[in-house]
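Computed from a predicted structure; not experimentally measured. All residue numbers refer to positions in the sequence shown, counting from 1.
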Amino acid sequence: MTFRIRKRPSGAVTTVSRRGAASTVSATGAVLELSNAASTPGFNPVDLLYASLSACLALSTRIAASELGLFERFESVRVSVSGEKTASEFSRVETISVRLEIAGMLSDVEKADIAERAERICTVSNTLRESPRIDVA
């Protein structure tokens, strides 16, 4: 089986002024307004970290079900992600918790196989696990 990987632009630019909300624009032109206060609804940067992991695992779960020949019985997946900041280091997430709820006519063993495969192919979970080098200029 040959897989063709299609590349798309990736990256983001966030702009914030002295007053007003911050906004992030993706390389593909999508715009996301950021929450700048705890009482304001919306995504903050840590929410986006969790959302990235959740989205990557959800999409990877669908791919994994297909690769394992289980796609016809796979119905959906719901991925919940949350985390806890460290007590000693305010600006770091210490623990990230993930819950995958896979629906479909699948056995518990098949669901576990799908979840394991999804985690292996998810770019975001692999990146978080290996702590990438970050170059700030």
Next on the checklist: Checking E84 against R92 for the salt bridge (charged side-chain N to carboxylate O under 4.0 Å, His left out) test, could you report, in this order, the C-alpha distance in whole Å, the side-chain angles of both residues, the deciding distance, and whether it holds?
Outcome noted: CA-CA 9 Å; E84 294 292 327; R92 191 175 78 78; over 6 Å; no
Checklist entry - Between R73 and E110, does a side chain to side chain contact (heavy atoms under 4.5 Å, CB included) hold up when you go through it step by step? => result CA-CA 10 Å; R73 292 187 284 132; E110 289 170 325; 2.8 Å; yes
Next on the checklist: Quick one, E33 with V31, criterion side chain to side chain contact (heavy atoms under 4.5 Å, CB included). Give me CA distance, side-chain angles, the key distance, then yes/no.
Outcome noted: CA-CA 7 Å; E33 297 297 323; V31 178; 3.9 Å; yes
Next on the checklist: For L34 and N44: C-alpha separation, side-chain torsions, deciding distance, then whether side chain to side chain contact (heavy atoms under 4.5 Å, CB included) applies.
Outcome noted: CA-CA 6 Å; L34 300 175; N44 67 33; over 6 Å; no
Item to check | Intermediate values then yes/no, side chain to side chain contact (heavy atoms under 4.5 Å, CB included), I114 and L70 | outcome: CA-CA 9 Å; I114 291 170; L70 302 169; 3.9 Å; yes
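Nearest heavy-atom pair across L68 and R117 is CD1-CB, 4.2 Å. Across every non-hydrogen atom of A118 and S60, the tightest pair is O-CB, 3.5 Å. Of all heavy-atom pairs spanning T123 and C56, the tightest one is N-SG, 3.4 Å. Closest of all the heavy-atom pairs between K111 and G104 is CE-O, 4.3 Å. Nearest heavy-atom pair, S80 versus E101, reported as atom, atom and distance to 0.1 Å: OG-OE2, 4.4 Å. Contact record, S66 with F71: CA-CB, 3.7 Å, taken as the closest heavy-atom pair.
When hydrophobic clusters are built by joining Ile, Leu, Val, Met, Phe, Trp and Tyr residues whose side-chain heavy atoms come closer than 4.5 Å, directly or via intermediates, V25 is not grouped with V16. One hydrophobic cluster, built from ILVMFWY side chains closer than 4.5 Å, cannot hold both L59 and L128; they sit in different ones. Y50 is connected to V98 through a chain of hydrophobic side-chain contacts under 4.5 Å among Ile, Leu, Val, Met, Phe, Trp and Tyr, so both are in one cluster. By the rule that hydrophobic residues join a cluster once side-chain heavy atoms approach within less than 4.5 Å of another member, V79 and V93 end up as members of one cluster. In the hydrophobic cluster analysis, where Ile, Leu, Val, Met, Phe, Trp and Tyr join through side-chain heavy atoms closer than 4.5 angstrom, L106 is grouped together with L57.
For the atom pair CZ of R120 and CG of N126, the computed distance is 10.0 Å after rounding to the nearest 0.5 Å. Between the OG atom in S82 and the CG atom in D47 there is a gap of 11.0 Å [rounded to 0.5 Å]. In this structure, CG in L48 is found 8.0 Å from OG1 in T14, a value given to the nearest 0.5 Å. Expressed to the nearest 0.5 Å, how far CD of E116 lies from OG1 of T61 amounts to 12.0 Å.
Salt bridge status for K85 with E94: absent, with no side-chain N to carboxylate O gap under 4.0 Å.
Looking at L100, L49, I96 one by one, the single match for side chain to side chain contact (heavy atoms under 4.5 Å, CB included) with V81 turns out to be I96.
Looking at R62 and E67, their side chains never come closer than 4.5 Å, going by heavy atoms from C-beta outward.
With sequence neighbours excluded, the residues forming a side chain to side chain donor-acceptor pair (under 3.5 Å) with S26 are T28, listed by chain and number.
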